[in-house]
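As the structure is a prediction and not an experimental result, all values here were calculated from the model. By convention in this document, chain letters (A, B, ...) are assigned in the order of the sequence lines, proteins followed by strands, and residues within each chain are numbered from 1.
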2 protein chains.
Amino acid sequence: MASASAKHDVFQAIADPTRRSLLKLLGDGELPVTAISGHYPMSRTAVSKHLRILADAGLVRERKVGRETRYRLDPEPLLELKRWLSYYERYWENKMAALKRFVESDEDGSAPPAPLELVRKEPPGE
Amino acid sequence: MASASAKHDVFQAIADPTRRSLLKLLGDGELPVTAISGHYPMSRTAVSKHLRILADAGLVRERKVGRETRYRLDPEPLLELKRWLSYYERYWENKMAALKRFVESDEDGSAPPAPLELVRKEPPGE
DNA sequence: ATTATAGGAAACCAATTGGTTTCACGTCAA
DNA sequence: TTGACGTGAAACCAATTGGTTTCCTATAAT
């Protein structure tokens, strides 16, 4: 439900750092466009377009008040992201487990759980 | 550590549906490029470029084996995403709480779900 | 009534993106 | 050695993106 199957999905919406910043800013509460754009080095119009993209993705809600349009965070679509991420939990768990096994291994070295070269931090040879 | 300070960040990397699909595919294990590209309607070269972007973001690792290059998932950078997401947990919690309060609200109506209006912050000068 | 303010719409632009086709190179097989 | 296979690099292209400026319309405020 909620669907928000709009033309902008949440993945694409949060891909831009300005938009991620906007989400954070709008978490504090409702703000009109001009106030928002004051936080950014770009034009008000540019910010407005970012806001529209966020709104299309359902991440932000707009509300007209007099002559202003106030925006605020709607975190609901982030749940989709969370769901997507949760699929990968098992992988880090595996990795963590492998790492742990490696660290705790009583070095008979007979069954290296996984190559995992990420473990070693060579002193900077370069 | 890890840092993956590369030119492609994880947010941008997962913005593309093909790349998300690749991650899922590569979760099953190492695969060479041709085998991978067989799953997609686009050219091998196109898939290869997606793989490079994923690799730049640290989401995928490559390993040369004879004349093939095999790719596999590296979920580690997703932790950054998880961390980013976790910042917003409190918001859905609030929302959930508000919703719950609303649903459970019996008759007094004195506590509307969540006005959520915040006052305006300092006008950012001009 | 007139003027100033808030914000969206439109037209435009450069850079990036997602894709293609062609080519070159290293590796495996005959 | 000759040729086929697996892949990346390069050059190219259309569409999208992130931004701008200019204009237009509502809504205050005087």
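Close to C:dT16, at under 4.0 Å from its OP1 or OP2, lies no side-chain N or O of B:Gln12. For the pair A:Arg70 and C:dA6, the criterion of a side-chain N or O lying under 4.0 Å from OP1 or OP2 is not met. Between B:His50 and C:dT17 there is no side-chain N or O to OP1 or OP2 distance below 4.0 Å.
Taking atom NZ of A:Lys64 as the reference point, atom P of D:dA26 lies 10 Å away to the nearest angstrom. Atoms CG (A:Leu22) and P (D:dG19) sit 10 Å apart, rounded to a whole Å. Going from atom CG of A:Leu51 over to atom C1' of C:dG7 covers 11 Å, rounded to whole Å. To the nearest angstrom, P of D:dT17 lies 11 Å from CG of A:Asp56. For the pair A:Asp16 CG and C:dT16 P, the interatomic distance rounds to 13 Å; values are reported in whole Å. Separating the CD1 atom of B:Ile14 from the P atom of C:dG18 is a distance of 13 Å, rounded to the nearest angstrom. Between the P atom of C:dA6 and the CG atom of A:Leu31 lies a distance of 14 Å, rounded to the nearest Å. Here the P atom of nucleotide D:dG6 and the CZ atom of B:Arg52 are 20 Å apart, to the nearest Å.
A distance of 10.0 Å separates CG in B:Leu54 from OG1 in B:Thr18, rounded to the nearest 0.5 Å.
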Show your working on side chain to side chain contact (heavy atoms under 4.5 Å, CB included) between A:Arg72 and A:Val60 and close with a plain yes or no.
CA-CA 5 Å; A:Arg72 65 184 187 66; A:Val60 127; over 6 Å; no
B:Met42 and B:Val47: CA distance, side-chain angles, deciding distance, side chain to side chain contact (heavy atoms under 4.5 Å, CB included) verdict
CA-CA 7 Å; B:Met42 67 196 71; B:Val47 171; 3.8 Å; yes
Evaluate B:Tyr40 against B:Leu25 for side chain to side chain contact (heavy atoms under 4.5 Å, CB included), listing each step before the verdict.
CA-CA 11 Å; B:Tyr40 298 88; B:Leu25 180 63; 4.1 Å; yes
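Between D:dG18, C:dG8, D:dG8, one nucleotide has an atom nearer to the side chain of B:Tyr71 than all others, and that is D:dG8. For A:Thr18, counting side-chain heavy atoms from C-beta on, the closest listed nucleotide (C:dG7, D:dG18, D:dG19) is D:dG19. Each of C:dG26, D:dT7, D:dT27 was ranked by its minimum atom distance to the side chain of B:Arg67; first place goes to C:dG26.
The cationic group of A:Arg90 does not satisfy the cation-pi geometry with A:Tyr88, failing either the under 6.0 Å distance to the six-membered ring centre or the 45° limit from the ring axis. No cation-pi contact links A:Arg63 to A:Tyr71, judged by a cut-off of 6.0 Å to the six-membered ring centre and 45° from its axis.
For residues 42-49 of chain A, proximity to DNA chain D is found at A:Met42, A:Ser43, A:Thr45, A:Ala46, A:Lys49, defined as any non-hydrogen atom under 4.0 angstrom from a strand atom.
Taking the side chain as every heavy atom from C-beta outward, B:Lys64 and B:Arg70 never approach each other to under 4.5 Å.
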